[in-house]
Each structure stands twice: as C-alpha cells, then as structure tokens.
Visitor: 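I'd like to ask you about the structure that follows.
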Amino acid sequence: MEITQQRVAALTWTLKDTLGEELDVLDEPVEFLVGGSDLLKKIEEALMGLTPGSVVELQLEPEDAFGDFNDQLLFLEARNLFPSELEEGMVFEGTALPKGTSPDMPQDVLYTVSEIYPEHVVLDGNHPLSGIALRLKLRVEDVREATEEEIGRGSTGASFFNIAPGAPDGETLH
C-alpha cells in the first residue's frame, strides 16, 4: 500500500544534527497519520507515494522543523513561585504555571526549566530543537488505512512531531 493523505504510516528513523550527532533513534515503528497533525509538512511531502521498505533522507532547516530560536520565549521568574523539588529539564504547560508568573507568558506553550538560581528560574518556551537544522533518515515499515476516529481527531496519538499552537507562524512543535 502506498502512502497518501488519510493513511497511517508506521515509521522508524534516525535523527541527527548537521554535524552528524545523533539526537534520536526510533528502532520500533511508530504510527503517524498522514494529512493530520502528526507530521511536519516537509516530512509528509517526502513520504507521499512511498511504500513499506522505502527509505528517505531529508535535511530540515529550522523553519521546516521546530522553528528558529525565539528569545521572546525566555522568562526569568521568581524561584519561590516553584516547588522546592524543581529540577532543570522539568516542563510546565503554559496553562499550569504557578500563580505570580509573568502575565506576558503565552499560555499555549510548553516551558522547560533551563536554569535554576537561588532567587530565580529561567523558563524557555522554545522547543529543545528550535534553531537547529536536522537530518532525518526515515524508513517506512508499514502503511494502512486510517480509522474514522484517527481522521476525526487528526492524529494517531503519536507525539514526537505533534503540532501545538504558539510559534510565530501559529505552530510550534513539542
């Protein structure tokens, strides 16, 4: 079966930066809805017409992947607003930030604790891969018809490339 809109593609991949450093390897196939919100547009375009066993290699510039780094999504917040067990790398949904944080923080963004100081915390609303050009080697493991439920919700439930609102173009990826 060939990949077209409204079909589900089971993929494996290797994701590297442009220096060849491995960022992620997916050995077990994950299913993505083509024509929904599961995949980046450039990835969907490259997958069209492929069949199980096909391999494709892509270079994704930041604007085609996780966006450019936006320093307007860095926020310095009071340390005492956060739980004592706070650690770097913890993630907060914009809608679930502690009371007292900056009202200028977009609520439709995920914030990662990037630094912790005695008096303040740095929250970064950028995707960890923003500003990075990526090399992606994809292998199509299987293709099937999407269910009505998957088409209705626009996703199989896979989260790696899911699109969430909030970036300058109206989309950021988490």
Side-chain angles (χ1 to χ4, degrees), residues 1-18 22-70 72-73 89-98 105-113 123-174:
M1 182 177 285
E2 193 173 282
I3 296 176
T4 61
Q5 294 289 318
Q6 308 304 312
R7 288 207 172 138
V8 172
L11 306 173
T12 56
W13 67 67
T14 301
L15 179 67
K16 296 180 180 182
D17 64 16
T18 53
E22 219 168 71
L23 303 173
D24 187 55
V25 175
L26 181 65
D27 291 325
E28 294 297 317
V30 172
E31 291 187 329
F32 297 93
L33 176 65
V34 177
S37 62
D38 287 348
L39 294 168
L40 299 166
K41 182 180 177 183
K42 291 286 185 184
I43 294 174
E44 282 196 354
E45 290 171 1
L47 291 173
M48 286 298 158
L50 297 182
T51 57
S54 298
V55 175
V56 64
E57 294 188 37
L58 304 167
Q59 175 148 333
L60 300 170
E61 296 304 320
E63 60 270 15
D64 296 323
F66 298 97
D68 290 320
F69 186 84
N70 180 354
Q72 298 297 305
L73 291 176
M90 289 179 82
V91 177
F92 290 87
E93 290 186 33
T95 57
L97 289 168
M105 296 176 75
Q107 293 202 351
D108 58 351
V109 172
L110 295 176
Y111 293 94
T112 302
V113 176
L123 297 178
D124 186 349
N126 289 285
H127 186 280
L129 296 177
S130 65
I132 299 174
L134 302 169
R135 291 185 179 150
L136 183 62
K137 182 177 182 178
L138 292 163
R139 177 178 166 83
V140 179
E141 301 295 339
D142 195 22
V143 181
R144 66 171 174 80
E145 295 291 340
T147 66
E148 285 185 33
E149 181 183 340
E150 290 166 334
I151 293 169
R153 79 173 172 248
S155 175
T156 62
S159 65
F160 188 84
F161 291 114
N162 269 0
I163 298 172
D169 294 357
E171 297 180 340
T172 188
L173 301 159
H174 287 281

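When reading the values below, keep in mind they use all heavy atoms of this one structure, side chains included, and skip hydrogens, waters and symmetry mates.
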Visitor: Under 3.5 Å, side chain of D38 to main-chain N/O of L33, donor-acceptor pair present?
Guide: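 Judged by distance alone, yes, a pair lies under 3.5 Å.
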Visitor: Would you sort out whether E93 and L110 count as a side-chain contact (heavy atoms from CB on, under 4.5 Å), showing the intermediate values?
Guide: CA-CA 5 Å; E93 290 186 33; L110 295 176; 3.5 Å; yes
Visitor: For the atom pair OG (S155) and CD (E149), what is the distance rounded to the nearest 0.5 Å?
Guide: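 So the OG of S155 and the CD of E149 are separated by 10.5 Å.
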Visitor: Under the side-chain contact (heavy atoms from CB on, under 4.5 Å) rule, what do L60 and I43 come out as? Steps first, then yes or no, please.
Guide: CA-CA 9 Å; L60 300 170; I43 294 174; 4.2 Å; yes
Visitor: Quick one: do E22 and T14 satisfy side-chain contact (heavy atoms from CB on, under 4.5 Å)? Show the steps, please.
Guide: CA-CA 7 Å; E22 219 168 71; T14 301; 3.9 Å; yes
Visitor: Aromatic rings W13 and F32: how do their planes relate, parallel, tilted or perpendicular, breaks at 30° and 60°?
Guide: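 Geometry flag for F32 against W13: tilted rings.
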Visitor: How far does CZ of F66 sit from OG of S130, to the nearest 0.5 angstrom?
Guide: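 One gets 9.5 Å once the value is rounded to the nearest 0.5 Å.
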Visitor: Does the side chain of L15 reach to within under 4.5 Å of the side chain of L129, using non-hydrogen atoms?
Guide: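 Counting from C-beta outward, L15 and L129 do come under 4.5 Å.
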Visitor: Any idea which heavy atoms bring A65 and L40 closest together, and the distance?
Guide: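 Where A65 meets L40 most closely, the heavy atoms are O-CD2, 3.6 Å.
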Visitor: Between V113 and F92, is any pair of side-chain heavy atoms under 4.5 Å apart?
Guide: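 Yes, their side chains come closer than 4.5 Å.
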Visitor: Write down the atom of E28, the atom of T12, and the distance for their closest heavy-atom approach.
Guide: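 Between these two residues, the closest heavy atoms are C-CG2, 3.8 Å.
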Visitor: What are the two closest non-hydrogen atoms of D142 and P52, and how far apart are they?
Guide: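 D142 and P52 have their closest heavy atoms at CA-CG, 4.0 Å.
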Visitor: When rounded to the nearest 0.5 angstrom, what distance separates CD in E31 from CD in E150?
Guide: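 CD of E150 is found 6.5 Å from CD of E31.
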Visitor: Are the side chains of L23 and D17 in contact, using a 4.5 Å heavy-atom criterion?
Guide: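 A side-chain contact exists here, since the closest heavy-atom pair is under 4.5 Å.
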Visitor: Side-chain contact test, heavy atoms from C-beta onward, threshold under 4.5 Å: evaluate it for Q5 versus M48 and give yes or no.
Guide: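 Yes, close enough: below the 4.5 Å cut-off.
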Visitor: Considering only heavy atoms from C-beta outward, does the side chain of T51 approach that of M1 to under 4.5 Å?
Guide: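 Answer no - side chains too far apart.
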Visitor: I'd like to know if the side chain of R139 and the backbone of V55 have a donor-acceptor N/O pair within less than 3.5 Å.
Guide: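 Such a contact is absent between R139 side chain and V55 backbone.
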Visitor: If you apply the rule side-chain contact (heavy atoms from CB on, under 4.5 Å), what do you find for L26 with L11, and how did you get there?
Guide: CA-CA 8 Å; L26 181 65; L11 306 173; 5.7 Å; no
Visitor: Indicate yes or no: at least one non-hydrogen side-chain atom of K42 is less than 4.5 angstrom from one of L58.
Guide: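 No, every pair of side-chain atoms sits at 4.5 Å or beyond.
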Visitor: Show the nearest heavy-atom pair for residues Q6 and A146, with the distance to one decimal.
Guide: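 Nearest heavy atoms, Q6 then A146: O-CB, 3.2 Å.
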Visitor: To the nearest 0.5 Å, what is the distance between CG on L39 and CD on E45?
Guide: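 Answer for the CG-CD pair, L39 versus E45, is 11.5 Å.
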Visitor: Are the side chain of S37 and the backbone of G154 linked by a donor-acceptor contact shorter than 3.5 Å?
Guide: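 At least one qualifying donor-acceptor pair exists.
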Visitor: Just so I know, are the side chains of E2 and V143 near enough to count as touching, which here means a heavy-atom distance under 4.5 Å?
Guide: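 Heavy-atom side-chain distance check fails, nothing below 4.5 Å.
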Visitor: Grab the two heavy atoms, one from P106 and one from L73, that are nearest each other, plus how far apart they are.
Guide: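 Scanning both residues completely, I find the closest heavy atoms to be CG-CD2, 4.0 Å.
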Visitor: Looking only at heavy atoms, what is the nearest atom pair of T18 and A133, with distance?
Guide: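 Looking at all heavy atoms of both residues, the shortest contact is CG2-CB, 3.5 Å.
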Visitor: Can you tell me how far CG of L123 sits from CE of M90, rounded to the nearest 0.5 angstrom?
Guide: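 M90 atom CE to L123 atom CG measures 11.0 Å (nearest 0.5 Å).
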Visitor: State whether the side chain of R7 and the backbone N or O of V34 hold a donor-acceptor pair below 3.5 Å, judged by distance alone.
Guide: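 Not at all, since once roles are kept as given, no pair shorter than 3.5 Å links the two residues.
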Visitor: Keeping E57 on the side-chain end and R135 on the backbone end, is there a donor-acceptor pair under 3.5 Å?
Guide: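 Flag not set: sc E57 to bb R135 has no pair under 3.5 Å.
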Visitor: To the nearest 0.5 Å, what is the distance between NZ on K16 and CD1 on I132?
Guide: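 If we round to the nearest 0.5 Å, K16:NZ and I132:CD1 are 15.5 Å apart.
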